[in-house]
**Student:** 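One structure follows; several queries about it will come next.
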There are 2 protein chains.
Amino acid sequence: MTIVVSIPDARKTQWWIEQLQPLLPGWTIRSIDDPGDPLEVAYAVVWRPATGAFLPFPNLKAIVSLGAGIDHVLADRRLPRQVPIIRTVGTDLTQRMREYVALHVLRHHRDMPTIAANQRERMWKPLVQPPATQRRVGVMGLGNLGGMAAATLAALGFETLGWSRTKHRIEGVATYAGDDELDAFLGRCEILVCLLPLTPATTGILDAGLFARLPRGASLINAGRGPHLNDDDLLAALESGQLSHATLDVFHIEPLPAEHPFWSHPRITVTPHIASLIDPATGSRIVAANIERFEATGTVDDLADTERGY
Amino acid sequence: MTIVVSIPDARKTQWWIEQLQPLLPGWTIRSIDDPGDPLEVAYAVVWRPATGAFLPFPNLKAIVSLGAGIDHVLADRRLPRQVPIIRTVGTDLTQRMREYVALHVLRHHRDMPTIAANQRERMWKPLVQPPATQRRVGVMGLGNLGGMAAATLAALGFETLGWSRTKHRIEGVATYAGDDELDAFLGRCEILVCLLPLTPATTGILDAGLFARLPRGASLINAGRGPHLNDDDLLAALESGQLSHATLDVFHIEPLPAEHPFWSHPRITVTPHIASLIDPATGSRIVAANIERFEATGTVDDLADTERGY
C-alpha cells in the first residue's frame with residue numbers, strides 16, 4: 001500500500017518522504033507525481049494540492065492536511081467529497097502559534113512600531129503604556145490554535161476575550177459565541193487577533209463593517225488566512241485612524257507580490273506566513289501517528305468536519 | 001510632619017505630590033526644593049536625587065526610591081548612610097517588566113529584526129525557527145523583577161535558566177548561583193537577559209569576557225542599568241559575530257546622546273528606558289502603603305539592604 005505526498009515545492013516533498021518513510025516502514029511513500037499503481041494509494045499527505053489531484057486514486061482512505069486548516073484541500077472543486085480529511089495539529093504547531101500571537105500582541109501593546117521608528121530618527125521618547133492588565137485583547141477563533149493563543153495572552157496578564165461560532169470555555173478568558181455576541185465582543189477589543197478557519201462564512205469577515213465596530217484606534221493581527229481580510233478596507237481604516245496598526249502573516253496571494261501596498265505601509269507589519277509552521281522532523285511523527293491510528297480505528301482526534309469546513 | 005518629593009522633572013514632581021497627598025492625608029507633601037521646615041521632613045520620595053539632597057533633613061526616617069533599584073540613591077556620596085531605603089516594587093512594575101522581557105525575548109527568538117529588514121526590501125523569506133521549547137534563555141538577576149520574568153519565559157515554553165548571587169528556586173527554571181556556576185549558566189544561554197541590580201560587583205559585568213562565554217551568535221537584552229554594559233565590548237562582539245543582536249533599554253548616559261553609535265547600529269534595538277515604569281496613579285498607592293507601614297512597624301517588605309547595595 002502506498003502513501004503519496006503532494007506539496008508545491010518538490011524539495012519539500014522529498015524532505016517529507018524521507019522523514020515519513022522510516023516512521024511508516026510497512027508503507028511505500030512516494031511523490032504524487034510518481035505514485036506507482038494508483039489503486040494502491042491509500043493516503044495522500046498534502047499541502048495546497050492541485051485541482052483534481054485525488055481523482056486517480058479511487059481507494060483513497062483519507063487525505064492528510066499538513067496544517068490545522070483544510071481550506072487549501074477544500075479549494076479543489078474536484079475533491080472526492082466522501083474522503084475524510086485529517087488535520088495535522090501538534091504541540092509544535094500550537095507552540096509556534098502562541099509565540100507568534102504573544103510576540104505581536106505585546107509588540108502592538110507596547111507600541112514597538114513607533115519606538116522602532118523613533119530609533120531610526122535617533123529620538124528618545126519614553127512612551128508609557130498601561131500594563132497588560134488594562135489592555136483588552138480579543139481572539140477570533142477558539143480551536144486548537146486560537147484557544148491556546150487566548151490562554152497564553154491571559155497568562156501574560158492581558159484582559160483576554162475570545163469569540164467563536166460555538167461557545168468555548170477557556171480559563172481566564174471571557175468568551176463570546178455566534179453572531180448575536182459579535183458586536184459586544186468587537187466593541188471591547190483594543191487588539192484583535194484573527195485565528196478563524198477559512199470558510200464561506202468567514203471569507204472577507206475582516207472588512208470595513210467589522211473595523212467600524214472596534215474601538216477607535218484598535219489594531220489587528222491576522223494569522224488566519226489572507227482571504228479573511230478585505231485589503232482595501234484595511235488600507236481605508238488605517239487612513240482614517242479607525243485602526244492604528246495591522247500585522248499580517250497571511251495574504252490573498254503568497255508570496256505577497258512585490259508591488260502590493262502593504263509592503264511599504266508605515267502602519268502595516270508584514271511577516272511571510274511564518275506564524276506557525278510544521279517542520280518535517282516534528283510534523284512527520286504526528287502524521288505517521290495519525291495514519292496508524294486511522295488504519296487501526298477508522299478515526300483520529302483531529303478529523304476535520306468537511307461539512308462545517310474546518 | 002512632611003514628606004518631600006525629589007524628581008529631576010518638576011512636572012513629574014508635581015504629579016507625584018498630587019497623587020500622594022490624598023492617600024496620606026495626615027502628611028504635608030512638598031517638593032524638595034520648597035520643603036518648609038527641614039526639621040519636619042520625615043520621608044523623601046526620590047528618583048535620581050541630587051548629591052547632598054538629604055543633608056538638610058536631620059530627622060529623615062527613610063528614603064523611598066521610586067523604583068526597584070537603589071543605585072540612583074547610593075550614587076549620592078553625601079548620602080546619610082544610616083537612613084533606611086525603601087524600594088518601590090509592585091504588581092504594576094513587575095507586570096510591565098515581564099511584558100518587556102517576553103516581548104524582546106520572543107522578538108529575538110523569532111528573529112523579528114531580520115523579518116522587519118526584509119519587509120523594507122519587499123523580500124518574502126520565510127525563516128523557520130525552532131519552537132521555544134528548543135530555545136535556551138537565561139536571566140541574570142532573580143529578584144522581584146528577574147524572578148517574575150524568568151517564570152513568564154518558562155510559561156511561554158522557553159527552556160529557561162536563571163543566575164543570581166545567591167540560590168533561588170523558581171518553578172520551571174534551572175537556577176545557578178554565584179561565581180562558581182556562572183560559566184555553566186552562560187555556556188547554555190542563546191538569549192541572555194540582564195536584570196541585575198547595579199552594584200560595584202555588577203558594574204561592567206556585560207563585557208568581552210562574559211560575551212566570550214556565551215554560545216557563538218547569542219543575543220543580549222539589557223533591562224538592568226546602563227553601567228552593566230561595556231559599550232565598546234558590545235560593538236566588538238556584534239562585529240565579530242560572537243553576538244547576533246542586542247536590545248538595550250538602559251544606557252550610561254540617558255537620554256542616549258544623538259551621536260551614540262547604538263542608535264544606527266543594524267543589530268542593536270534601542271528602547272528609551274521604558275521596560276518598566278512606575279506611574280503615579282498605581283505607584284503612589286504602593287509608596288503611601290509603604291510609608292504607613294514603616295511608620296507603624298519600622299520596616300517594610302521591600303526594605304533595601306544598603307550594605308549589599310540592592
Side-chain angles (χ1 to χ4, degrees), chain A residues 91-96 98-100 102-107 109-113 115-116 118-135 152 155-158 251 254-260 262-265 268-277 279 281-282, chain B residues 91-96 98-100 102-107 109-113 115-116 118-135 152 155-158 251 254-260 262-265 268-277 279 281-282:
Chain A
T91 54
D92 195 47
L93 193 77
T94 52
Q95 172 61 31
R96 281 192 171 90
R98 74 191 193 102
E99 292 170 20
Y100 183 91
L103 166 55
H104 289 284
V105 166
L106 284 164
R107 195 167 160 273
H109 166 54
R110 297 292 289 249
D111 202 3
M112 261 308 284
I115 290 169
N118 288 348
Q119 179 178 351
R120 290 193 288 274
E121 304 294 326
R122 297 170 179 258
M123 193 193 295
W124 181 276
K125 195 174 175 185
L127 300 167
V128 185
Q129 307 299 335
T133 48
Q134 293 168 40
R135 184 78 79 182
T152 299
L156 281 168
F158 287 101
F251 305 90
E254 295 178 9
L256 184 66
E259 68 278 10
H260 199 287
F262 287 173
W263 280 115
S264 58
H265 196 293
I268 294 179
T269 301
V270 170
T271 64
H273 204 146
I274 50 157
S276 186
L277 298 165
D279 63 68
T282 47
Chain B
T91 54
D92 195 47
L93 193 77
T94 53
Q95 172 61 31
R96 281 192 170 89
R98 73 193 194 101
E99 293 171 20
Y100 184 91
L103 166 56
H104 289 285
V105 167
L106 283 164
R107 196 167 159 274
H109 166 54
R110 297 292 289 250
D111 201 3
M112 261 309 283
I115 290 169
N118 288 349
Q119 179 177 350
R120 290 192 289 274
E121 304 294 325
R122 296 171 178 259
M123 193 193 296
W124 181 276
K125 194 174 176 186
L127 300 168
V128 185
Q129 307 299 334
T133 48
Q134 293 168 40
R135 185 77 79 181
T152 298
L156 281 169
F158 287 101
F251 305 91
E254 295 179 8
L256 184 65
E259 68 278 10
H260 199 287
F262 287 174
W263 280 116
S264 59
H265 196 292
I268 295 179
T269 301
V270 171
T271 64
H273 205 144
I274 50 158
S276 188
L277 296 166
D279 64 68
T282 47

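Sequence lines set the chain letters: A, B, ... in the order given, protein chains first and strands last, and positions in each chain run from 1. Just so it is clear, the values below take in all heavy atoms, side chains as well, and ignore hydrogens, waters and symmetry mates.
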**Student:** Check whether B:Ala102 gets within reach of chain A through its side chain, its backbone, both or neither, counting any heavy atom under 4.5 Å.
**Tutor:**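 Its backbone and side chain both get close to chain A.
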**Student:** For the atom pair CG (A:Leu156) and CG (B:Leu156), what is the distance rounded to the nearest 0.5 Å?
**Tutor:**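 Separation between the atoms: 5.0 Å.
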**Student:** Which region of B:Phe158, side chain (C-beta onward) or backbone (N, CA, C, O), has a non-hydrogen atom less than 4.5 Å from a non-hydrogen atom of chain A, or is it both or neither?
**Tutor:**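 Neither part.
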**Student:** Sort B:His260 into side chain, backbone, both or neither according to what part of it lies under 4.5 angstrom from a heavy atom of chain A.
**Tutor:**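 It is the backbone, since no side chain atom gets that close.
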**Student:** What is the distance from atom NE2 of A:His265 to atom CD of B:Gln119, rounded to the nearest 0.5 Å?
**Tutor:**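 If we round to the nearest 0.5 Å, A:His265:NE2 and B:Gln119:CD are 11.0 Å apart.
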**Student:** Quick one: pull up CZ in B:Arg110 and NE2 in A:His104 and give me the separation to the nearest 0.5 Å.
**Tutor:**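 Output value for this atom pair is 7.0 Å.
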**Student:** Just wondering, do B:Thr271 and A:Met112 contact through their side chains at under 4.5 Å, heavy atoms?
**Tutor:**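 Yes, close enough: below the 4.5 Å cut-off.
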**Student:** Find the one option among A:Gln134, A:Met123, A:His273 whose heavy-atom pairs under 4.5 Å with chain B are most numerous.
**Tutor:**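 Most pairs with chain B among the choices: A:Met123.
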**Student:** Using non-hydrogen atoms only, which part of B:Pro130 is less than 4.5 Å away from chain A: side chain, backbone, both, or neither?
**Tutor:**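 Only the backbone of B:Pro130 comes within 4.5 Å of chain A.
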**Student:** Please identify, among A:Thr282, A:Thr269, A:Val270, the residue contributing the most non-hydrogen atom pairs under 4.5 Å to chain B.
**Tutor:**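 When all of A:Thr282, A:Thr269, A:Val270 are compared, A:Val270 has the most.
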**Student:** Pick one of side chain, backbone, both or neither for B:Arg98, based on which atoms fall under 4.5 Å of a heavy atom in chain A.
**Tutor:**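 Just its side chain gets close to chain A.
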**Student:** Between B:Gln129 and A:Arg96, what is the shortest heavy-atom contact and its length?
**Tutor:**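 Closest pair (atom of B:Gln129, atom of A:Arg96, distance): O-NH2, 2.8 Å.
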**Student:** Could you give the distance from NZ (A:Lys125) to CD1 (B:Ile274), rounded to the nearest 0.5 Å?
**Tutor:**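 Reported value, rounded in 0.5 Å steps: 12.5 Å.
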**Student:** Relative to chain A, which segment of B:Leu103 carries a heavy atom at a distance below 4.5 Å: side chain, backbone, both, or neither?
**Tutor:**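 The answer is both parts of B:Leu103.
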**Student:** Using every non-hydrogen atom in the two residues, find where B:Trp263 and A:Trp124 come nearest and quote the distance to one decimal.
**Tutor:**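 Answer, listing the atom of B:Trp263 first, then A:Trp124: CH2-N, 3.7 Å.
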**Student:** At a heavy-atom distance under 4.5 Å, which candidate from A:Thr152, A:Val128, A:Leu106, A:Asn118 has the highest pair count against chain B?
**Tutor:**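 The answer is A:Leu106.
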**Student:** For A:Pro131 and B:Gln95, work out which heavy atoms get closest and say how close.
**Tutor:**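 Scanning both residues completely, I find the closest heavy atoms to be CB-CG, 3.9 Å.
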